[in-house]
Asks: 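One structure, pasted below without further comment.
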Amino acid sequence: MGPLTICELSEHLAAKGVANEVRGDGNRLVSGCNTIDAAGDGDITFLANSRYRDRVSTTKASAIIMKDDPTLEPTIPQIICDDPYLALTLSVVRIHGHRQHPHWGVHPAAHIAETARIGKNANIGPGAIICDGVVIGDNANIYPSAYVGPHVELGDDVVLSPNTTIHYGCKLGSRVIIHAGTVIGEDGLGYAPVGEKWLKIPQAGNVEIGDDVEIGANCTIDRGTLGTTRIGSGTKFSNLICIGHGCEIGSDCMFVAQVGLAGSVTVGRHVTIAGQAGIVGHLRIGDNAKVYAQAGVGGSVADGEEVLGSPAVPVAEARRQFIAVKKLPDMRNQLKKMEKQLADLREIVDKNGARE
Amino acid sequence: MGPLTICELSEHLAAKGVANEVRGDGNRLVSGCNTIDAAGDGDITFLANSRYRDRVSTTKASAIIMKDDPTLEPTIPQIICDDPYLALTLSVVRIHGHRQHPHWGVHPAAHIAETARIGKNANIGPGAIICDGVVIGDNANIYPSAYVGPHVELGDDVVLSPNTTIHYGCKLGSRVIIHAGTVIGEDGLGYAPVGEKWLKIPQAGNVEIGDDVEIGANCTIDRGTLGTTRIGSGTKFSNLICIGHGCEIGSDCMFVAQVGLAGSVTVGRHVTIAGQAGIVGHLRIGDNAKVYAQAGVGGSVADGEEVLGSPAVPVAEARRQFIAVKKLPDMRNQLKKMEKQLADLREIVDKNGARE
Amino acid sequence: MGPLTICELSEHLAAKGVANEVRGDGNRLVSGCNTIDAAGDGDITFLANSRYRDRVSTTKASAIIMKDDPTLEPTIPQIICDDPYLALTLSVVRIHGHRQHPHWGVHPAAHIAETARIGKNANIGPGAIICDGVVIGDNANIYPSAYVGPHVELGDDVVLSPNTTIHYGCKLGSRVIIHAGTVIGEDGLGYAPVGEKWLKIPQAGNVEIGDDVEIGANCTIDRGTLGTTRIGSGTKFSNLICIGHGCEIGSDCMFVAQVGLAGSVTVGRHVTIAGQAGIVGHLRIGDNAKVYAQAGVGGSVADGEEVLGSPAVPVAEARRQFIAVKKLPDMRNQLKKMEKQLADLREIVDKNGARE
């Protein structure tokens with residue numbers, strides 16, 4: 001971390017596999033990354049969204065990462081590459097680094113059961129609770145007021161943010177990050193109806209989360225009623241997401257904020273579910289599918305399919321529907337007009353017929 | 001809890017009021033319950049959703065709970081009954097039991113005000129906060145970092161999960177379960193507009209929750225501005241539900257995840273509100289009504305009525321609308337075709353008229 | 001606080017700038033405010049929503065705040081004014097007062113870093129965490145299990161409710177209230193796609209919140225990836241709201257529960273966003289705009305514009321669409337009828353033509 005020249009950053013990116021070319025003064029120093037509007041002296045910025053094209057000539061940044069684009073003429077040094085967003089990401093890691101956790105070691109005000117086994121180099125804050133039979137890998141960062149229930153297993157390099165709750169028997173892989181306030185393994189909405197009363201079904205299953213998963217803040221992942229709720233490795237969640245009991249979610253998925261899955265939904269790999277979308281229980285969402293924002297999915301979605309709307313339909317059909325609905329008031333008027341024309345015509349024809 | 005024979009389980013179910021019949025080897029032992037796909041040797045499974053019919057012949061379970069169905073020929077022992085879901089529920093209670101809470105007694109690192117009165121057999125974790133004037137019944141399970149504000153009253157057998165917040169003056173009945181991260185009695189969105197500024201209205205009311213209520217994780221229940229926000233006995237909530245100030249919710253309701261009620265909504269008894277539905281303020285939702293997933297309810301709903309869509313309408317009407325919207329692009333084409341036909345016909349008629 | 005006569009309350013309101021007139025017995029004492037249905041002896045109530053007009057004659061309140069309305073004849077003393085809601089608000093402040101926080105002083109079980117600087121008159125509960133380099137103004141109320149990360153800055157008179165999380169480097173103005181379970185400054189959903197994997201972008205920015213902001217319970221405000229997520233002074237949020245990284249929200253806005261903003265949305269001043277609405281990333285919502293409940297906003301919204309529906313359109317257009325969709329099944333029938341009429345007419349015309 002720290003300042004480096006454009007040329008040094010270019011070499012770093014090349015070493016990470018991002019072919020690139022410096023244009024302009026490669027000896028200029030950069031010490032921060034910032035957005036095209038907010039960047040100032042010493043910052044490198046980027047152009048990845050064409051919405052911001054016109055800012056290239058006005059940005060106060062010291063350098064810019066962008067695609068080769070002969071129609072733009074930046075006045076600042078450039079790092080030209082095919083994937084500016086990836087290059088930016090690697091630059092932010094190089095210049096700013098990942099989050100530094102406060103150092104507590106194993107704080108004396110953490111409550112750790114005698115039967116818990118904790119790996120090397122643990123960082124456990126005051127008020128964190130580690131219950132009986134817990135197994136934690138190396139390099140854990142467990143923030144204050146995180147609750148780790150009995151017999152939970154955590155891999156290496158796990159981060160549990162403040163006020164997180166991991167219920168008994170759940171298993172998290174290595175490099176899992178759980179953001180603040182998130183609850184893993186609470187009981188789902190499982191009751192048998194007895195007349196008009198609800199008889200609680202013990203939620204006897206658990207939750208298992210693969211390696212490299214990141215779960216946003218204030219999410220809730222229900223434990224399986226029987227068996228396991230699963231989240232595959234490499235999957236990333238935003239905030240306020242609700243996963244019902246018994247769901248099985250594949251690897252490398254991306255779920256945007258406020259998504260809700262009812263129980264026993266199966267989601268394939270590399271699926272995107274956009275913000276505020278909801279999925280009915282017991283459905284299957286295929287590999288590489290995309291569910292658009294606010295969609296209400298009431299039927300299974302095939303591999304690679306993209307759906308939109310509530311009720312959700314394939315995205316092209318949804319867009320035709322949206323356009324048709326937009327024109328619907330016009331259609332009503334047209335229909336009325338045609339009705340009149342038809343009646344007029346009928347009258348003429350009847351008159352003609354009578355005349356004959 | 002523990003293993004028992006199919007016949008013993010059958011007798012247990014009969015004793016609980018579930019008439020049933022064993023078919024096949026009633027001496028086989030079962031020691032777990034599991035889903036039809038995940039069940040293995042020693043597990044009893046169940047068939048309650050016809051979606052899983054074809055798995056009856058392939059499940060690896062040792063026994064199955066199902067309805068009498070001559071079209072299915074399971075090769076494993078069966079418990080035949082009219083309500084497999086209820087029989088399963090009772091089996092899970094018998095075999096797996098309800099959640100066992102970690103045992104803390106009254107932990108020395110819990111913070112309990114001198115003026116608080118706590119019943120027998122309390123289990124209060126480290127970092128839990130019990131403020132002045134709190135009254136708690138017998139057998140409480142209060143997890144770490146739960147906050148119980150001044151003058152809160154809790155009945156017997158209450159469970160407050162980790163990181164829950166119960167604000168001052170709220171009252172919870174007996175056997176209430178509050179899942180992790182849920183907040184009861186925060187201030188609602190109450191302001192008087194003064195020009196373009198917002199003047200905060202003190203939220204002087206409270207929340208009262210009846211017996212046998214279960215509230216999921218990361219929910220928020222606003223206190224009344226004046227008077228009380230009420231949740232009736234036996235009502236069950238999933239996660240991430242928001243209840244506005246002054247709502248009055250009846251008994252034995254079922255609210256699915258991410259439901260939102262604005263302020264002063266009155267909900268009758270035994271009402272189902274499905275996931276992500278929202279209700280505008282000051283409405284009445286009648287007894288036994290059903291609000292479907294993602295519905296946006298802008299008018300009161302009568303007893304027993306079922307509504308769907310945004311804006312919500314009776315479910316049959318909503319389905320007709322959905323079908324009509326699906327066919328709308330076709331309708332537009334048809335309308336264009338008819339316009340052409342009408343113009344052609346007009347031309348012929350005019351020509352004929354001229355010829356005469 | 002405490003009981004006072006109607007006349008004394010009237011004088012208090014006048015002193016606060018609310019012109020008003022007492023009708024009936026001004027010497028009657030009131031000691032509480034309550035809703036028109038729940039009010040009893042000793043309470044003053046109010047009529048602000050015409051939905052409750054018919055209760056004026058049946059309320060058991062001792063007095064009522066209302067507009068001058070010759071069509072109503074209350075039998076109890078009245079305070080007549082132009083803005084009963086504002087008068088009520090001031091009455092609630094006068095009679096009930098704002099929330100009294102439990103008194104902890106700086107509790108010995110709070111964990112406060114040596115390098116933290118804390119203003120006068122602090123009230124910090126057990127289990128609260130104040131990290132290195134934190135700066136806190138005067139009169140702070142920091143509840144148990146609140147986490148204040150490194151180098152956070154808080155103004156004067158800030159309230160952090162239980163189980164709140166404020167991540168490193170975030171800045172909150174004076175008189176900011178953060179409700180329980182809310183998370184400020186967690187990492188947003190920022191990844192660069194590398195094949196089908198997601199490479200985490202360090203979230204190097206922060207969150208800055210202006211003076212007099214109130215944020216409801218269990219909200220999540222992402223830190224900027226680069227630069228700052230901003231919430232302008234005087235803005236009020238309800239619960240379970242999600243703000244994506246890099247959003248800039250103006251002053252005096254009102255966001256209702258379960259609203260979601262994707263990343264880099266710019267919101268003007270005095271904007272209302274109603275419950276469960278969602279805004280796509282990188283859009284601009286103009287000053288004084290209104291976004292209705294459950295709207296799905298996919299394009300920028302002009303100053304003062306009001307939008308509704310998903311996808312959202314101007315509210316008048318949305319209402320025309322809703323009506324047209326409601327009549328759509330009828331339209332289909334009409335279209336079929338016209339098709340038949342047109343075919344019949346064609347037949348007649350063809351026959352007539354052939355006859356000639």
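Naming: A, B, ... by sequence-line order, numbering from 1 per chain.
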Asks: Should A:Val183 and B:His179 count as side-chain neighbours, where that means a heavy-atom distance under 4.5 Å?
Replies: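 Side-chain contact under 4.5 Å: no.
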
Asks: Side chain, backbone, both or neither: which part of B:Phe322 has an atom under 4.5 Å from a heavy atom of chain A?
Replies: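 Only the side chain of B:Phe322 comes within 4.5 Å of chain A.
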
Asks: Would you say that A:Gln258 contacts B:Leu240 through its side chain, given a criterion of any heavy-atom pair below 4.5 Å between the two side chains?
Replies: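 They are not in side-chain contact.
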
Asks: Can you list everything that forms a side-chain hydrogen bond (donor to acceptor under 3.5 Å, both in side chains) with B:Gln294? Sequence neighbours excluded, please.
Replies: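 In terms of side-chain hydrogen bond (donor to acceptor under 3.5 Å, both in side chains), with neighbours along the sequence ignored, B:Gln294 is linked to A:Ser310, B:Gln276.
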
Asks: Roughly how far apart are B:Thr164 OG1 and A:Asn163 CG, rounded to 0.5 Å?
Replies: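 Here the interatomic distance stands at 11.0 Å.
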
Asks: Please list, chain by chain and in numerical order, all residues satisfying side-chain hydrogen bond (donor to acceptor under 3.5 Å, both in side chains) with B:Arg332, sequence neighbours excluded.
Replies: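 None.
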
Asks: Restricting to side-chain hydrogen bond (donor to acceptor under 3.5 Å, both in side chains), what partner residues turn up for B:Arg320, sequence neighbours left out?
Replies: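 None.
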
Asks: Kindly say whether A:Lys197 contributes a backbone atom to a donor-acceptor pair with the side chain of B:Asp252 at under 3.5 angstrom?
Replies: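 No; zero donor-acceptor contacts below 3.5 Å.
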
Asks: Please rank B:Pro126, B:Pro102, B:Pro329, B:Ala38 by heavy-atom pairs under 4.5 Å with chain A and give me the top one.
Replies: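 The option with the most such pairs is B:Pro126.
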
Asks: From B:Ser251 OG over to A:Trp198 CH2, what is the distance, rounded to the nearest 0.5 angstrom?
Replies: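 Nearest 0.5 Å value for the OG-CH2 distance: 12.0 Å.
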
Asks: Check whether A:Ala180 gets within reach of chain B through its side chain, its backbone, both or neither, counting any heavy atom under 4.5 Å.
Replies: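 Answer is neither: A:Ala180 stays 4.5 Å or more from chain B.
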
Asks: Checking side-chain polar atoms at under 3.5 Å, does B:Asn218 have a donor or acceptor matched by the opposite partner on A:Thr220?
Replies: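 No pair is found: no donor N or O on one side chain lies under 3.5 Å from an acceptor on the other.
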
Asks: Residue by residue, scan residues 142-154 of chain A and write down, ordered by number, those that have a heavy-atom distance under 4.5 Å to chain B; if none do, write 'none'.
Replies: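 Interface residues of residues 142-154 of chain A: A:Ser145, A:Tyr147, A:Pro150.
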
Asks: Find the distance between NE2 (B:His107) and CD1 (A:Ile129) and round it off to the nearest 0.5 Å.
Replies: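 One finds 7.0 Å between NE2 of B:His107 and CD1 of A:Ile129.
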
Asks: For the pair B:Glu214 and A:Tyr191, evaluate side-chain hydrogen bond (donor to acceptor under 3.5 Å, both in side chains) and give the outcome as yes or no after the intermediate values.
Replies: CA-CA 11 Å; B:Glu214 184 164 358; A:Tyr191 306 90; 2.8 Å; yes

Asks: Side chains of A:Lys200 and B:Thr89, heavy atoms from C-beta outward: is any pair under 4.5 Å?
Replies: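 Sidechains of B:Thr89 and A:Lys200: no contact.
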
Asks: Can you tell me how far the CG atom of B:Asn239 sits from the CD1 atom of A:Ile241, to the nearest 0.5 Å?
Replies: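 Between B:Asn239 CG and A:Ile241 CD1, I get 13.0 Å after rounding to 0.5 Å.
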
Asks: Could you tell me which portion of A:Ala204 (side chain, backbone, both or neither) has an atom closer than 4.5 angstrom to a non-hydrogen atom of chain B?
Replies: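 Only the side chain of A:Ala204 comes within 4.5 Å of chain B.
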
Asks: Answer with side chain, backbone, both or neither: which region of A:Val313 has an atom nearer than 4.5 Å to a non-hydrogen atom of chain B?
Replies: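 Just the side chain, heavy atoms under 4.5 Å.
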
Asks: Looking at B:Arg51 and A:His282, would you say the former's side chain and the latter's main chain have a donor-acceptor pair under 3.5 Å?
Replies: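 Checked: pair present.
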
Asks: Any side-chain to backbone donor/acceptor pair from B:Glu339 onto A:Met338? Under 3.5 Å, distance only.
Replies: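 No, because the side chain of B:Glu339 does not come within donor-acceptor range (under 3.5 Å) of the backbone of A:Met338.
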
Asks: What's the spacing between B:Lys326 NZ and A:Gln321 CD if we round to 0.5 Å?
Replies: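 Going from the NZ atom of B:Lys326 to the CD atom of A:Gln321 covers 6.0 Å.
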
Asks: Would you say B:Asp83 and A:Val194 make side-chain contact, with heavy atoms under 4.5 Å?
Replies: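 Sidechains of A:Val194 and B:Asp83: no contact.
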
Asks: Pick whichever of A:Leu345, A:Leu335, A:Thr182, A:Leu342 has the most heavy-atom pairs under 4.5 Å with chain B.
Replies: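 Winner by heavy-atom pair count: A:Leu345.
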
Asks: So, do A:Tyr168 and B:Gln100 sit near enough that their side-chain heavy atoms are less than 4.5 Å apart?
Replies: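 No; the side chains remain at least 4.5 Å from each other.
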
